[in-house]
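Just below is one structure, and these are the notes that go with it.
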There are 2 protein chains.
Amino acid sequence: MKVNKSHGLEHGTVSLDRGASLYLAGEKGHAWRVLSGSIRLDQEEPTGTQFAGLAVAGDVVGAETLLFGRYTFSAHALSPCSLRPWMAAPETAGNGIWLQMIAAAERRMADLLALRCGKAAERIRKLLALMGSGGRGVALPRLRDIADITDLTVETVSRTVTSLSADGTLDVQGSYRVRKVREVMKEAL
Amino acid sequence: MKVNKSHGLEHGTVSLDRGASLYLAGEKGHAWRVLSGSIRLDQEEPTGTQFAGLAVAGDVVGAETLLFGRYTFSAHALSPCSLRPWMAAPETAGNGIWLQMIAAAERRMADLLALRCGKAAERIRKLLALMGSGGRGVALPRLRDIADITDLTVETVSRTVTSLSADGTLDVQGSYRVRKVREVMKEAL
DNA sequence: CGGGGTCTTGATCTCAATCAACCAATGTGG
DNA sequence: CCACATTGGTTGATTGAGATCAAGACCCCG
């Protein structure tokens with residue numbers, strides 16, 4: 001995997017290209033807040049790598065390092081993104097911070113489970129909606145990633161994106177490895 | 001839904017029959033720790049009810065009430081279970097408690113996503129393994145619940161359980177609505 | 001006794017998986 | 001600079017696992 005990780009001058013901010021690695025399971029490191037873009041988390045199993053989570057702008061990833069010192073999952077950029085080191089204010093922050101993170105994790109769980117229900121087209125729309133919430137124009141992740149997250153195959157994702165784009169449900173701009181989805185038809189669910 | 005919720009004399013412990021409701025989304029209430037059995041959480045949507053989470057022995061459900069006062073999801077018993085009110089020790093417990101809950105939630109997320117990958121037989125075995133960890137002999141949940149969790153249909157679940165039981169992969173005891181899975185062949189994944 | 005929820009079984013259909021090429025862009029080393 | 005490998009994406013033909021539709025059995029309960 002080509003890794004293009006560039007470090008910003010201030011705050012330790014980093015930028016990742018689509019597909020770039022943020023960290024690998026088992027490595028030492030700290031938590032990050034996602035400023036923009038989206039990150040996929042994967043569980044490394046002897047039998048292969050398994051999609052295990054998704055983080056979008058505003059989310060914190062790698063919080064488990066505060067407990068274990070090491071990352072539980074591997075993290076890769078689904079779309080170009082920027083991140084900043086995140087650390088829990090030791091005592092200043094009350095329980096509220098943690099409760100919010102727990103509540104957010106539970107809601108995110110429901111969202112991700114929903115990405116594996118329904119027909120192919122519906123799953124992909126739900127994923128893009130999740131990634132796009134809070135920003136106009138989502139960079140389309142690699143088909144391989146969309147497939148892993150929705151539990152479809154690349155072939156099916158390719159066909160579905162093409163047809164969604166053809167019938168106007170999706171407005172896909174750009175070509176080949178640099179595509180953006182401008183607008184997702186907003187009928188719910 | 002028949003609700004059989006019986007209250008223990010001490011500690012506010014409650015016992016639930018398979019299928020019984022612990023609480024509904026939107027109600028006021030407090031958090032619970034699952035002592036035994038397993039609980040499914042559902043998101044109530046205008047379009048219907050959507051599986052949103054699973055709690056087994058040792059887990060805490062309804063922690064979001066500490067933040068919002070009300071439950072975000074509805075909770076029903078998958079198998080007979082007992083619970084005890086749970087409250088965060090205000091200051092005595094440090095951040096450790098919260099971090100552990102967050103780490104647990106993330107691992108659980110990966111587990112639940114895995115229940116929606118692979119063939120029907122594999123999904124069902126993974127679910128029973130998840131429910132059975134830490135106790136010999138799992139009560140088989142209603143097929144409807146298994147179907148919702150694994151994103152299969154009741155018909156497929158029925159056929160699959162029958163065939164897994166026939167070929168010895170699953171040792172199912174009892175009949176009709178009171179079946180226990182004694183042993184799950186433990187080849188991994 | 002009848003009714004509703006749970007489970008089972010069968011027949012048929014459909015969507016997505018699979019298998020197999022192929023193209024376009026990027027990168028690499030001589 | 002060219003040959004070559006690699007990665008990401010596309011398209012077509014075929015297949016299969018599970019959805020869907022339908023009917024009936026079983027059991028509990030009022």
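Each chain gets a letter, A, B and so on, in the order its sequence line appears, and its residues count up from 1.
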Task: Interatomic spacing from CZ in A:Phe51 to OG1 in A:Thr150 - rounded to 0.5 Å - done: 9.5 Å

TODO: May I ask you to evaluate whether A:Arg179 reaches the phosphate of D:dT10, defined as a side-chain N or O under 4.0 Å from OP1 or OP2?
DONE: yes

Task: Electrostatic pair B:Arg108-B:Asp59, nearest N-O below 4.0 angstrom - done: yes

TODO: Could you tell me the separation between the CG atom of B:Asp145 and the P atom of C:dG5, rounded to a whole number of Å?
DONE: 15 Å

- [ ] May I ask you to list the residues of residues 147-156 of chain A, by number, that have any heavy atom positioned under 4.0 Å from an atom of DNA chain C?
- [x] A:Asp151, A:Leu152, A:Thr153, A:Glu155, A:Thr156

TODO: Apply side chain to side chain donor-acceptor pair (under 3.5 Å) to the pair A:Thr72 and B:Glu106, showing each step before the final yes or no.
DONE: CA-CA 9 Å; A:Thr72 304; B:Glu106 283 170 359; 6.0 Å; no

Task: Side-chain donor or acceptor of A:Glu27 paired with backbone N/O of A:Leu24 under 3.5 Å - done: yes

TODO: With axes from five pairs an end, tell me the bend angle of the helix from C:dC1-D:dG30 to C:dG30-D:dC1, nearest 10°.
DONE: 40°

Open item on the list: Just the rounded figure in Å: distance from C1' of C:dC7 to CG of B:Leu164.
Closed with: 16 Å

Task: Non-hydrogen atoms of B:Val138 and B:Gly132 that approach each other most closely - done: CG2-CA, 3.4 Å

Open item on the list: Looking at D:dG18, I'd like to know if its phosphate oxygens (OP1 or OP2) sit under 4.0 Å from a side-chain N or O belonging to B:Arg116.
Closed with: no

Open item on the list: Between the side chains of A:Arg144 and A:Asp148, is the shortest nitrogen-to-carboxylate-oxygen separation below 4.0 Å, so that they form an ion pair?
Closed with: yes

TODO: Indicate, with a heavy-atom threshold strictly under 4.0 Å, whether B:Arg123 touches base, sugar-phosphate, or nothing.
DONE: nothing

Open item on the list: Please check: side-chain N/O of A:Gln43 versus main-chain N/O of A:Gln50, any donor-acceptor pairing under 3.5 Å?
Closed with: no

TODO: Would you mind reading off the distance between B:Leu140 atom CG and C:dT6 atom C1', rounded to a whole angstrom?
DONE: 12 Å

TODO: Taking only Lys NZ, Arg NE, NH1 and NH2, and the carboxylate oxygens of Asp or Glu, determine whether A:Glu122 and A:Lys126 approach each other closer than 4.0 Å.
DONE: yes

Open item on the list: Just N and O in the side chain of B:Arg142: are any of them under 4.0 Å from OP1 or OP2 of C:dT6?
Closed with: yes

Task: Polar side-chain atom of A:Ser158 near backbone of A:Val154 as donor-acceptor pair, under 3.5 Å - done: no

Task: Beyond-backbone contact of A:Met109 with B:Leu41, side-chain heavy atoms, under 4.5 angstrom - done: no

Taking only N/O atoms, report every protein-nucleotides 11-15 of chain C pair under 3.5 Å with atom names and distance.
from	atom 1	to	atom 2	distance (Å)
C:dA11	N6	B:Arg159	NH2	3.4

Open item on the list: How many whole angstroms separate atom CG of A:Asp17 from atom P of C:dT26?
Closed with: 13 Å

Task: For atom CG of B:Leu143 and atom C1' of C:dG5, their distance in whole Å - done: 12 Å

- [ ] Check the distance between C:dG5's C1' and B:His76's NE2 and give it to me in whole angstrom.
- [x] 15 Å

Open item on the list: Main chain of B:Asp145, side chain of B:Arg40: is a donor-acceptor contact present, judged purely on distance under 3.5 Å?
Closed with: no

